[in-house]
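Notes for the one structure printed next.
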Amino acid sequence: MRSFRIVLSACLLLSQAKPATAQYGPIKKWAEEELLTSAPLKQAHTGISIYEPATGKYWYNYQEDHYFTPASNTKIFTLYTGLRLLGDSLPALRYLLTDSALYVKGMADPAFLHPDYKVQPAWQLLQQTSQPIRLVPAVIENKRFGSGWAWSDYADYYQPELNEWPVYGNVARVRHHGDSTVIWPRMFSDTLHFSVHRNDKLEELLTERDERSNRFSVTYNGNDKSVQEGEIPFITGGNDDLVYRLQDTLHKQISIVAGGNQPAQTSFSLLRGIPVDTLFQPMMHRSDNFFAEQTLMMCSALLWDTISTARTIAFMQKSYLANLPDTPKWVDGSGLSRYNLFTPRDFVSVLSDMYKTYPSQRLYALFPTGGKGTLKNYYKQQFVHAKTGTLSGCVALSGYLVTKKNKTLVFSVLVNNHNNSATAVRRTVESFLTQIWEKY
């Protein structure tokens, strides 16, 4: 309850923040004469909010109360939710060990058998038990894709399916070198699931999957002798498919527990997994959509006996986010949805509360900075720690800016409906923020 009052106080403070003074007039001039009238942004819908937590002053606002599709800036709200609700480590699974069986229930943990993570507490539990393993299906309200996602992206690496118990990150991984092409996990390596073709006109490896089945194909250029890799989401299916994948990996028999024979939820224990920041950092640095979506699902699985992104979002909006300056339309964890709508000052509000609640060293490590992650080609001076966002016609950047005089600013720049390249928009915003860094 005390933390809830702290959040409300922080949001109220922001809603009553002091206006900018003449001291920050150059920022207004740069925005109006250079940024907003530039070729990449001139016909776009743009919103800007720049705030200094130390003084409680907004340095500059422009359409800060207008709504925008934020793309992957949505992950800032997801990160905030994960920090607030998950604790220090991920919920790996719920389990109940009896004299006759080990009962297990998925918690939506995306790290299970993911190649990025060597520490696997859930895997160790399943591997070491001598008892028969019984899978208790979770109550899940999510569908395999989020609301407002592009259906035709089903085979693209950035849109894996969502489910209660991800395995291998819910993607098949392909590696081609010379005359050798392999796919992993091995269950997809037979000719029923996997075919390889050669086309010397291709510029890069082409990976494809049938829309409604786990039939994968790889086409390669035989003249390219480099090592080439790709990721293709697989269809997760239902509990029978999950059992098959677990059995194939564990080499143990697993059965599904029917509804009437399931142990009571209260009898299960929680097994914790990897530290949360080891998931949050790649979620923010490489803008991992899958990690973001499963984060909101883990929060729901931890708080209730139901996995529901919508339920997690509703809970956050009624508690920690109750006093945002504007009420967002928030529908997914990743920002893939075109239904999301946020204002720049909403991002500033959440970022400011994070800055006051968590050590800046931790936050700066979670957010990409110049030359790293999604900012690897921008902000070489490393004065920003910020999350990018990109969809067709949408470019966003929100986070923290530390000026040459060591002043910390919280900012959000959202651009929608531009008809230029995302790179051109990003370079223009970079020039604007660099001027602020240099002068102040």
Side-chain angles (χ1 to χ4, degrees), residues 3 6-7 9-28 30-31 35 47-62 64 70 73 75-77 79-80 83-84 277 280-281 284-285 320-321 323-325 342-375 378-389 396-414 426 429-440:
S3 62
I6 292 173
V7 173
S9 298
C11 290
L12 284 170
L13 177 63
L14 283 177
S15 66
Q16 300 168 1
K18 302 172 186 177
T21 66
Q23 177 184 356
Y24 311 116
I27 299 177
K28 184 175 185 293
W30 297 333
L35 179 69
I48 307 169
S49 187
I50 303 173
Y51 173 78
E52 184 181 18
T55 61
K57 292 180 180 179
Y58 281 105
W59 284 24
Y60 180 70
N61 277 317
Y62 176 77
E64 75 283 0
N73 269 205
K75 293 183 178 72
I76 293 172
F77 274 68
L79 174 64
Y80 181 73
L83 289 170
R84 284 292 186 186
D277 286 5
F280 293 158
Q281 187 175 75
M284 301 297 282
H285 279 235
Y320 293 104
L321 301 173
N323 278 49
L324 283 174
F342 292 78
T343 67
R345 64 184 184 181
D346 276 348
F347 282 111
V348 165
S349 177
V350 167
L351 288 162
S352 296
D353 187 55
M354 291 169 65
Y355 183 73
K356 293 177 180 179
T357 307
Y358 306 102
S360 59
Q361 184 178 7
R362 181 186 184 188
L363 287 180
Y364 292 171
L366 293 177
F367 281 78
T369 190
K372 297 181 180 180
T374 54
L375 290 178
Y378 302 86
Y379 303 96
K380 297 298 185 180
Q381 302 92 341
Q382 296 189 334
F383 60 87
V384 300
H385 306 273
K387 182 71 195 75
T388 59
L397 186 71
S398 302
Y400 308 99
L401 187 158
V402 182
T403 70
K404 276 190 173 182
K405 296 179 182 178
N406 205 34
K407 294 182 179 181
T408 299
L409 305 178
V410 181
F411 74 92
S412 179
V413 181
L414 307 181
R426 293 201 184 284
V429 173
E430 180 184 30
S431 177
F432 171 66
L433 294 178
T434 300
Q435 287 177 293
I436 297 173
W437 167 69
E438 289 179 334
K439 180 174 178 60
Y440 296 96

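What you see is a predicted model, and the numbers here were worked out from it, not measured in a lab.
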Close side-chain approach of Leu35 and Ile48, heavy atoms under 4.5 Å: yes
Distance in Å, Lys380 NZ paired with Glu430 CD, rounded so as to fall on 0.5 Å steps: 9.0 Å
Worked verdict on Tyr400 versus Phe411 for side-chain contact (heavy atoms from CB on, under 4.5 Å): CA-CA 6 Å; Tyr400 308 99; Phe411 74 92; 5.6 Å; no
Non-hydrogen side-chain atoms of Glu52 and Tyr24 separated by less than 4.5 Å: yes
Short side-chain donor-acceptor distance under 3.5 Å, Trp437 and Gln381: no
Student check: side-chain heavy atoms of Pro70 and Phe347 closer than 4.5 Å: yes
Value rounded to 0.5 Å, distance of CZ in Phe342 from CD1 in Ile76: 9.5 Å
Ser349 (side chain) donor-acceptor with Arg345 (main chain) under 3.5 angstrom: no
Show me, pair by pair, the donor-acceptor contacts under 3.5 angstrom made by side chains of residues 361-372, not counting sequence neighbours?
| residue | atom | partner | partner atom | Å |
| --- | --- | --- | --- | --- |
| Arg362 | NE | Asp277 | OD1 | 3.4 |
| Arg362 | NE | Asp277 | OD2 | 2.8 |
| Arg362 | NH2 | Asp277 | OD1 | 2.8 |
| Thr369 | OG1 | Val384 | O | 2.7 |

Donor + acceptor pair across side chains of Tyr51, Asn61 (<3.5 Å): no
Euclidean distance, Met284 CE relative to Thr388 OG1, rounded to 0.5 Å: 9.0 Å
Side-chain heavy atoms of Arg84 within contact of Tyr80, under 4.5 Å: yes
Gap between atom OG1 of Thr357 and atom CG of Leu83 - 0.5 Å precision: 9.0 Å
Student check: side-chain heavy atoms of Asp346 and Pro325 closer than 4.5 Å: yes
4.5 Å side-chain heavy-atom contact, Leu414 and Ser398: yes
Closest heavy-atom pair and its distance - Leu375, Ala386: CD1-O, 3.8 Å
Straight-line distance of Leu433 CG to Trp30 CH2, nearest 0.5 Å: 10.5 Å
Closest non-hydrogen atom pair between Gly47 and Pro344, with its separation: C-CG, 3.7 Å
side-chain contact (heavy atoms from CB on, under 4.5 Å) evaluation trace for Arg426 with Tyr379: CA-CA 10 Å; Arg426 293 201 184 284; Tyr379 303 96; over 6 Å; no
pair Phe77-Val350: side-chain heavy atoms closer than 4.5 Å: yes
Lys407 NZ: over 12 foreign heavy atoms closer than 6.0 Å: yes
Heavy-atom side-chain proximity of Lys387 to Leu397 below 4.5 angstrom: no
Interatomic spacing from CG in Leu409 to OH in Tyr355 - rounded to 0.5 Å: 9.5 Å
